[in-house]
Each structure stands twice: as structure tokens, then as C-alpha cells.
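Since the structure comes first, as C-alpha cells, the remarks are kept for the end.
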Amino acid sequence: METSRTGAWLALPVYSAVAALCVAPLLILLAYSFFQVSFVEIIKEPTLKNYARIAGSETYRWLILKAFGSGLTISVVTAIIGYPVAWYIAKRVTVMKSAMLTLLLVPLYTGDLVRIFAWRMLLGAEGVLNTFLMWTGAIREPIEALLFSSLATHIVLTYNYLPFMVLGLWLAFEALDDRLLEAASDLGAGKMSAFRRVMLPLTVPGLVAGGMMVFVMVVGDYLTPQLVGGASGITIVSAINDLFGTAFDWPLGSAIAWTMLAILALLFCAAALIVSRSTLGAALTSGEA
Amino acid sequence: MGVAGGIDTRTQRDGGQPLLRGKAVLKNYGSVQAVRGVNFEIAANSYVTLLGPSGCGKTSLLRMIGGFEEISSGSIELDGLSLATVPANRRPINTVFQNYALFPHLSVEENVGFGLAYRNLSRADLAAKVGSALAMVQMTQMSKRRPRQLSGGQQQRVALARAIINEPRLLLLDEPLSALDRRMRKDMQIELKDLQRRLGMTFLHVTHDQEEAFALSDRIIVMNHGLIEQQGASSEIYHRPASAYVADFLGGANLVAGTIRSAAEGSASIETAIGVFEVPALEGLKPSSRATLCLRPELLRLSGKDGIAATVTHTVFRGAYWLIEARASNDQQLSAVIDDSPPNAGASIRLTFDPNRAWITAA
């Protein structure tokens with residue numbers, strides 16, 4: 001009794017910090033989303049007009065869909081690239097394992113902008129890739145579509161968020177007992193069958209964890225599309241940014257932010273439900289075996 | 001297993017051929033030799049134990065037979081056919097892994113039925129086979145559970161059912177009982193032996209526990225430092241050990257160092273600090289070479305006035321019998337087993353034995 005009370009007191013700063021720094025701003029945002037703006041004045045009369053405007057606007061609907069579409073695409077692409085990489089680091093690298101993991105994370109220390117500009121140098125009309133292709137004679141004119149296109153955005157997003165997918169998967173592979181694969185092969189499973197029936201199901205928690213991280217970060221990333229996406233670079237997040245800044249329509253910005261938040265929360269609940277319902281819930285909660 | 005390209009499990013063997021034969025099997029891990037060129041034979045329908053201390057190479061040998069490790073040199077043959085090019089999933093050999101390696105994401109019945117997916121079975125046949133395999137290990141009630149919901153003994157049974165369901169020619173068991181408590185281990189030993197007899201399957205069981213080896217096996221292969229020290233029937237290994245190491249590892253023997261005075265066919269005379277004895281001996285011992293006299297504790301008897309003089313150091317009550325520890329001349333430790341009325345510590349006693357049941361082995 002005494003210790004639990006002490007524990008509660010000790011936890012108080014954490015709860016206060018979460019309440020003040022995380023919950024409160026979101027609640028303020030939520031309140032704003034029901035207000036209206038008239039010229040530069042905020043009218044504090046609750047209304048659902050902002051949400052109705054979002055639902056009625058083709059542009060906003062399209063931007064929201066595009067954000068989640070990008071999130072999904074990048075999650076899938078990073079999963080496909082990251083899966084063998086994570087397997088290799090967890091199961092084949094022994095001595096240099098921490099060095100490999102550090103190497104994986106080093107680009108993250110350089111900051112978003114530096115990495116994005118690095119890609120502009122690579123993909124630009126006079127960039128490394130075009131120059132090289134022209135030098136080899138493969139092309140005569142630089143491929144303009146390499147930069148300032150949706151393709152460029154997706155290449156850079158994949159590059160930026162791949163490490164997070166690899167980390168999630170790496171943890172899942174570390175927890176995977178190799179003897180289970182031996183057991184599968186002992187019972188007659190070939191390599192593909194052992195992968196499908198044992199390795200893949202037991203690493204899905206890693207795919208889900210990595211996928212969720214990548215998904216959220218891609219949905220929230222507006223710098224990358226803005227800097228390498230060209231005309232395609234407008235995102236729902238940059239729209240929110242504009243509404244809070246130049247347009248001075250905080251209520252509408254708040255409403256869009258909350259719409260995104262609600263959809264994300266729903267998606268997460270669905271994912272959690274699927275994982276816990278599936279046979280993987282067992283593997284997730286029981287850890288190793 | 002009956003997989004195309006694998007080995008036909010129903011090939012009839014000719015009479016004299018062993019089921020499994022290893023020829024000069026060698027395994028290197030980098031510069032370390034785990035198995036140093038061993039020859040062995042395993043007869044069909046027998047229960048064979050691979051016995052040795054940890055690091056003796058027994059698990060490496062088992063893994064090579066199962067197909068999980070490549071052989072560095074030498075060959076392993078099943079029914080006279082080399083297994084060199086047969087991958088693990090095509091070998092008519094199944095394994096009960098140490099710590100069981102049950103699939104955590106599958107239920108008990110899915111675990112047991114895992115290997116049946118590679119045979120063309122109807123849904124009904126599959127269910128019937130899983131059902132009978134679970135019944136065989138008394139786990140029918142648990143078929144829907146997940147491995148983590150089972151006790152160690154229950155997981156053991158599931159692992160066993162999963163391995164025997166494909167009716168392998170050879171079942172490998174890698175320290176299968178080491179994770180169980182003592183009571184459970186005793187029960188499972190009886191069940192394993194019983195199962196082997198009922199199925200008429202060949203079991204190769206790896207263990208470091210000599211009691212377990214005796215309880216289960218028809219034959220024992222004793223390994224040490226990557227070599228086979230001795231292979232033979234359990235009683236032969238116990239009563240006629242080929243080296244002092246085997247005698248010592250099998251436990252309990254009084255080992256008395258000495259020198260051979262003379263050797264005849266099947267017996268020898270040995271001079272030791274506690275006397276000169278003429279008893280059955282290992283072949284090939286040369287006069288004046290070092291050798292070891294093995295006296296099992298149950299062989300030594302208290303006697304009136306003749307025999308080896310010794311002083312009792314401890315008496316230990318073991319329930320069914322008393323174990324007496326005594327010190328003879330030259331500080332030679334001797335232990336003896338007697339039924340009742342043990343002498344007190346410090347008492348002077350004399351010990352005799354039936355010379356026909358003693359044994360001289362290599363030093």
C-alpha cells in the first residue's frame with residue numbers, strides 16, 4: 001500500500017508532463033476545430049462547419065488520401081527492401097553487428113534537409129545520375145522526371161525511412177529462434193515453405209511495428225515532397241501549415257489535423273486488432289518461444 | 001517421408017546391414033575438431049544412446065545425421081545409401097529438439113500435423129493421423145492449445161508426436177529430457193522406451209546422463225573429446241568398459257591404478273597398492289603396462305578376516321541400501337554397497353569380491 005502510493009507520487013511528474021505537453025495542446029487544437037474565423041478574428045461558437053468543409057472539398061479529400069497512400073506505399077517498399085537486410089544483420093552478421101546497426105542509423109544524424117538536398121544533387125538534371133547516364137551514352141537528354149516528381153518524392157521517402165523498418169524487423173529476427181527453422185526443415189519443409197509457414201508469420205510483429213513507424217512518419221513528412229516533389233509536392237500537412245500561417249484559418253487547420261489524427265488512430269486500432277486476433281498475438285506476447 | 005527424390009522409406013533392407021552407418025565422420029568448426037573421425041553402426045529397431053559430457057561432439061554428430069550440419073569428411077549412410085546429397089527436409093529422419101522447438105504461433109495439433117503437409121493426404125486422413133499421434137502421447141485433450149500454455153512435460157510429448165507422425169526410419173532425440181524435473185524425467189524415460197518398442201522405430205538419443213542411458217538403451221555409444229570411446233550393449237559397457245574413462249563416466253566404479261604382471265586370453269593379473277588380483281581383462285593388455293582395475297561398488301562385500309583392509313570414512317543411507325566409503329592402503333578410496341547394519345565411520349573392515357565379476361581395463 002505504502003509503496004504503491006510512493007509509486008503514484010513518483011509517476012506524477014510523468015503524468016503532468018504528458019498532460020501538459022501532449023494532451024493539452026491536442027485538446028486546444030480540438031477546441032479550435034469547432035470554431036470559425038471571420039477575417040482575422042476567431043469566433044468561439046461551436047460548429048461543425050470546418051469538418052463539413054473538409055468532407056465537401058475534393059482537394060482536401062484527395063490530399064488526405066494521397067498522404068495515406070504514400071504512407072502505405074513507402075511502408076510496403078521499405079518492408080520489401082528491409083526484410084532481407086534485417087535478416088542478414090540479425091542472422092548472418094556476428095562480429096560487426098553493432099557496427100552495421102550504427103551504419104544504418106548514421107544518415108539519420110545528418111538531419112532531414114541535408115539528406116534531401118543530397119538527393120537533389122543525385123537526381124537533378126545536372127545531377128550525378130543523369131550525368132553518368134549521359135556519359136555512358138544510355139540517354140542523350142537528362143531525364144527531367146528524376147527530380148521534382150512524385151517518383152523522386154517516393155525514392156527519397158523510401159531512403160529516409162528505411163532504417164526504421166529495418167530496426168523493427170531486426171528486433172523480430174533477433175527474437176526468432178533458428179531452431180524453429182531447423183524443425184521446419186526436419187519435418188519436410190523446403191526453404192520457401194519454411195519461410196512461408198514459420199519465418200514470415202513469426203516476423204510479422206516486426207513488419208507491423210516497422211510499418212506503423214514508417215507509415216506515421218511518411219504521412220507527416222511535408223519537407224520531402226516540398227523539396228523534391230515539384231508540382232506534386234503539395235501535401236495535406238503543408239496545407240495545414242498554410243492554414244495556420246499565411247491563411248490564418250486556425251480552426252480549419254485544426255479540423256484537418258484532427259481528421260488525420262482520428263483516421264490514424266482508427267488504422268492503428270485496426271492493425272492492433274488484426275495482430276492480436278491472428279495467431280501472431282501469441283508470438284508477440286510470449287516473445288521468444 | 002516418401003518425398004520424390006528423397007530416400008524411399010519402404011526399401012527392404014538385407015539382413016546384416018545396419019540402418020545407419022558412419023564412416024570416419026569428421027567435423028571441423030574452423031580450427032576446432034568437434035568430431036574426429038568416428039565409425040559407428042546403428043541397427044534397425046534399436047534404442048541407441050549417444051552418451052558423453054558436454055562438448056564431446058555428440059550433439060554435432062546428431063546434427064550431421066539430421067542434416068543440420070555439413071560433414072567435413074567421411075560419410076553417413078542410411079540403408080547403405082549416402083546421405084551426403086540429401087538435405088534435411090528430404091531425410092526420412094525426424095528430430096525431437098532440445099527445448100522442443102515447437103512453433104509458438106501454431107496450436108498443438110497444427111504443430112503435430114506440420115510435417116504431414118508435405119505428403120498428399122486428404123483432410124480426413126490428416127486429422128486421423130494427428131489424432132492418433134496425439135493419443136499416442138496422451139495429449140488429445142490439449143490439441144487446441146498453444147505451446148506456451150503447456151508444461152515442460154506436455155511440450156515434450158507434443159514434440160515427440162510431431163516427430164513420429166511421419167514414421168521416420170530414424171528418430172533423433174537431442175537431450176529431450178534435460179529440461180524436465182527428476183520425477184517427470186523418470187516417467188518420460190519409461191514412456192520413451194515403451195513408445196520405441198510399440199512403434200518398432202529406431203531411436204538415437206543424445207544425453208550426458210548415464211542413468212538415462214542405462215534406463216533406455218539397447219546399445220550405448222560413449223563419446224569423449226570428439227572420439228567414440230566404446231560402443232556396445234548397455235551391460236557390456238557397464239561391466240566391461242574399454243577404458244578407465246568409460247568406467248568412470250558411467251559412474252560409481254572404484255578405479256584402482258596398477259601394473260599388469262601377466263596376461264592370458266580373457267584375463268590378466270594386476271598388481272595394485274591394495275593387492276594382486278587375477279580377473280577378466282580387456283584384450284591386448286601387455287605385461288608391465290599401466291592398467292586400471294574396475295570394482296563396481298555392488299561387487300564389494302564385507303568379510304570376516306580375509307580381503308582388502310580398509311577404514312570406513314563415511315556411511316550414507318540411500319534408502320534401498322547403504323553406501324560405504326572406505327580408505328584402503330595408499331589412500332585408495334573404495335565404495336561398497338551393503339543392505340543393512342553398516343559399520344560406523346572409523347571402523348576397520350575387510351572387503352572381498354567375486355574375481356569373475358571384476359574387470360581390468362586400459363589406464
Side-chain angles (χ1 to χ4, degrees), chain A residues 83 87 90-96 168-169 171-209 211 271-289, chain B residues 1-6 9 59 62-63 65-69 86-107 110-119 144-150 155 158-159 161-168 170-172 174 179:
Chain A
Y83 201 84
W87 170 83
K91 298 299 184 189
R92 286 293 173 272
V93 179
T94 48
V95 192
M96 300 288 281
L169 280 169
L171 285 171
F173 273 115
E174 284 292 336
L176 175 70
D177 188 345
D178 288 338
R179 280 174 310 182
L180 296 176
L181 298 173
E182 287 186 354
S185 137
D186 184 72
L187 294 166
K191 290 221 153 52
M192 271 316 290
S193 183
F195 169 75
R196 191 178 54 79
R197 296 180 73 192
V198 179
M199 190 194 276
L200 188 59
L202 289 177
T203 47
V204 162
L207 280 173
V208 172
L273 199 68
I274 290 166
V275 170
S276 67
R277 283 265 180 91
S278 74
T279 50
L280 301 154
L284 260 178
T285 47
S286 73
E288 196 235 343
Chain B
M1 209 169 271
V3 185
T9 62
T59 296
L62 195 82
R63 289 176 59 80
I65 297 169
F68 309 118
E69 300 274 356
V86 186
N89 61 322
R90 294 283 175 93
R91 295 187 185 192
I93 296 173
N94 285 135
T95 309
V96 175
F97 289 85
Q98 193 172 11
N99 301 328
Y100 324 129
L102 296 177
F103 304 119
H105 59 302
L106 301 179
S107 70
E110 287 166 333
N111 263 282
V112 172
F114 191 92
L116 293 180
Y118 305 101
R119 297 164 53 165
K144 302 287 180 208
R145 297 220 186 156
R146 298 229 179 271
R148 73 197 158 98
Q149 296 171 306
L150 303 178
Q155 291 186 29
V158 176
R162 187 178 72 172
I164 59 174
I165 198 164
N166 272 334
E167 295 154 41
L170 176 64
L171 184 74
L172 305 177
D174 186 8

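Proteins get letters first, then strands, A, B, ... in listed order; numbering begins at 1 in each. Every heavy atom of this structure was used, including side-chain atoms; hydrogens, water molecules and symmetry mates were not.
- In the displayed structure, A:Lys91 atom NZ is contacted under 6.0 Å by more than 12 heavy atoms of other residues, nucleotides or ligands.
- Listed here is the closest heavy atom pair of A:Ala183 and B:Arg162: CB-NH2, 3.6 Å.
- Annotation: side chain to side chain donor-acceptor pair (under 3.5 Å) contacts of B:Asp174 (sequence neighbours excluded): none.
- What you find for B:Phe114 and A:Ala189 is that their closest heavy atoms are CE2-CB, 4.2 Å.
- In terms of heavy-atom proximity, B:Leu102 sits nearest to A:Leu180 at O-CD2, 3.1 Å.
- Partners of B:Glu69 according to the side chain to side chain contact (heavy atoms under 4.5 Å, CB included) rule, which considers only residues two or more places apart in sequence or in another chain, are B:Lys27, B:Tyr29, B:Arg63, B:Met64.
- Between the side chain of B:Asn94 and the backbone N or O of A:Asp186 there is at least one donor-acceptor pair closer than 3.5 Å.
- Residue A:Ser185 comes nearest to B:Phe68 through the heavy atom pair OG-CE2, 4.2 Å, listed as atom of the first residue, atom of the second, then distance.
- Pairing each heavy atom of A:Leu202 with each of B:His105, the nearest pair is CD2-ND1, 3.5 Å.
- In terms of heavy atoms, B:Tyr118 sits closest to A:Leu187 at CD1-O, 3.6 Å.
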